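Have a look at the structure below, then the notes.
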Amino acid sequence: MIPTTGTVTGGIINPTVASTITETLGWLTVKALNDGEDIFDEAASFKEQFNTLYSTLSETTKKKVNSKK
């Protein structure tokens, strides 16, 4: 109904999603390097990538919840 509302909302959501994805990829890289994995050796399958992402996000969420207590 209001033309600028969609533009403003998109302008807020887009950088938030982009920064979240970038941060997640950064933490996955840090985790892989700390675990001694060769991140350039071979590409992981989609299932492995999903499992790594899910476990990393779960651990991060638990740490944030515990630190707020």
Side-chain angles (χ1 to χ4, degrees):
M1 296 181 101
I2 303 172
T4 58
T5 305
T7 303
V8 171
T9 304
I12 294 170
I13 292 173
N14 192 23
T16 304
V17 171
S19 65
T20 302
I21 291 171
T22 302
E23 181 179 4
T24 302
L25 290 173
W27 283 114
L28 286 172
T29 303
V30 168
K31 181 182 182 319
L33 293 172
N34 283 338
D35 291 345
E37 296 178 23
D38 185 2
I39 59 173
F40 299 110
D41 189 25
E42 61 182 74
S45 70
F46 177 77
K47 184 176 180 180
E48 290 171 357
Q49 291 176 6
F50 176 80
N51 289 335
T52 303
L53 175 62
Y54 182 77
S55 65
T56 303
L57 290 175
S58 296
E59 291 171 13
T60 305
T61 304
K62 289 177 188 175
K63 289 179 185 176
K64 286 182 181 179
V65 169
N66 289 336
S67 68
K68 290 182 181 181
K69 290 183 179 180

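In what follows, every heavy atom counts, from backbone to side chain, and hydrogens, waters and symmetry copies are set aside. All of these numbers come straight from a predicted model, not from anything done at the bench.
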side-chain contact (heavy atoms from CB on, under 4.5 Å) partners for Thr22, two or more places apart: none

Ile21: partners by side-chain contact (heavy atoms from CB on, under 4.5 Å), with sequence neighbours left out: Val17, Leu25

Partner set under side-chain contact (heavy atoms from CB on, under 4.5 Å) for Asn34, not counting sequence neighbours: Val30

Flag side-chain contact, heavy atom, 4.5 Å: Leu57 against Thr24: yes

Heavy-atom pair with the smallest gap, counting every atom of Gly10 and Pro15: O-CD, 4.2 Å

Separation between CD of Glu23 and OG1 of Thr20, rounded to the nearest 0.5 Å: 7.0 Å

Contact summary for Thr52 and Thr56, nearest pair of heavy atoms: O-OG1, 2.8 Å

